[in-house]
Amino acid sequence: MLFRKKKSKTIALYPENVGDTLRHIAFIMDGNGRWAKSRSLPREMGHKKGAAVFEKITLHCFSRGIHAVTVYAFSTENWSRPQNEVDAIMALLSEYLDYAEKKFKDYDARLVILGDKSRLSPELRAKAERIEEISRDRRHVLNIALNYGARDEIVFACNSLIAEGKTTVTKEDISSRLYTAASGDPDLVVRTGGDFRISNFLLWQSAYAEFYFTKTLWPDLTETEVDAAIADFFGRHRRFGGL
Ligand code: FPP
């Protein structure tokens with residue numbers, strides 16, 4: 001049955017067991033800067049609000065039964081932003097990791113950092129690795145892409161296969177060496193902020209993903225709009241190249 005509960009009404013929209021089909025949702029969280037600018041606030045305030053929205057949206061997706069959530073928090077190119085903005089994002093991530101360490105157990109959630117952790121501060125890296133380790137056997141997955149670039153990720157996967165002595169590789173070999181090996185490919189990629197591009201995010205993994213683009217700036221994203229994106233996903237006919 002297709003349904004969405006809205007107050008006392010039930011509206012036909014998507015199946016109860018969302019997570020059987022929509023196992024993995026990924027977000028390109030764009031628009032924090034514009035959100036702040038439109039309120040005459042420093043960009044850092046946009047990221048602060050963005051981090052709060054990220055926390056809310058992630059839990060909403062888990063509560064819908066979605067197995068894995070991936071967010072693009074910081075790309076390999078984002079280091080070129082002003083130092084105070086980089087520092088503010090890193091501080092928010094560190095704060096979020098403290099929350100994750102305490103709370104993730106309640107949500108049976110596992111943390112995975114997608115990206116090269118070697119450029120992170122030793123403290124942030126150690127914290128992230130500690131949480132990854134203690135949460136590794138849990139059911140849900142939260143992937144945070146941090147110092148992440150999809151082309152780098154594919155090169156890294158190929159090089160690790162070469163280092164293992166492989167001379168030819170399969171698609172499965174490459175998938176198994178990507179940072180997302182634990183959660184698989186996203187079924188749905190949502191980009192906020194009004195742009196229609198992928199920005200070097202999950203290039204290999206999104207080969208058959210559905211895309212949902214919205215003008216809504218990330219800090220304005222609500223659970224209701226995420227439900228609309230989910231409903232939109234269930235309205236599509238995925239053919240995976242077939243008929
Ligand atoms: C893109 O918006 C957003 C980022 C580069 C950073 C995303 C970071 C957060 C949501 C906060 C920290 C995250 C976690 C996981 C705790 P933009 O700054 O490019 O926005 P603009 O296009 O409007 O300038």
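One-based numbering, in listed order, for ligands and for the atoms of each.
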With respect to Asn32, determine whether any N or O atom, backbone or side chain, lies less than 3.5 Å from an N or O atom of ligand 1. yes
Can you list the ligand 1 atoms lying under 4.0 Å from a non-hydrogen atom of Met29? 1 (C), 2 (O), 3 (C), 10 (C)
Please confirm whether Gly193 comes under 4.0 Å of ligand 1, counting heavy atoms of the residue only. no
Pull out every atom of ligand 1 sitting under 4.0 Å from any heavy atom of Asn78, numbered as shown with elements. 5 (C)
Short N-O contact, Arg110 and Glu132, less than 4.0 angstrom: no
Applying a strict 4.0 Å limit to heavy atoms, is Arg81 in contact with ligand 1? yes
All pairs passing salt bridge (Lys or Arg N to Asp or Glu O under 4.0 Å) where residues 183-200 contributes a residue, at least two apart: Asp30-Arg191, Asp187-Arg238, Asp195-Arg197
Looking only at distance, does Tyr72 have an N or O less than 3.5 Å from an N or O of ligand 1? no
So, regarding Ile144 and ligand 1 (criterion: nitrogen or oxygen to nitrogen or oxygen, under 3.5 Å), is there a contact or not? no
What's the shortest heavy-atom distance between Lys127 and Ser94, and which atoms? NZ-OG, 2.8 Å
Under 3.5 Å: N/O of Leu92 near N/O of ligand 1: no
Examine Trp218 against ligand 1 and note whether any of their N/O atoms are separated by less than 3.5 Å. no
Determine whether the side chain, the backbone, both or neither of Lys48 has a heavy atom under 4.0 Å from any heavy atom of ligand 1. neither
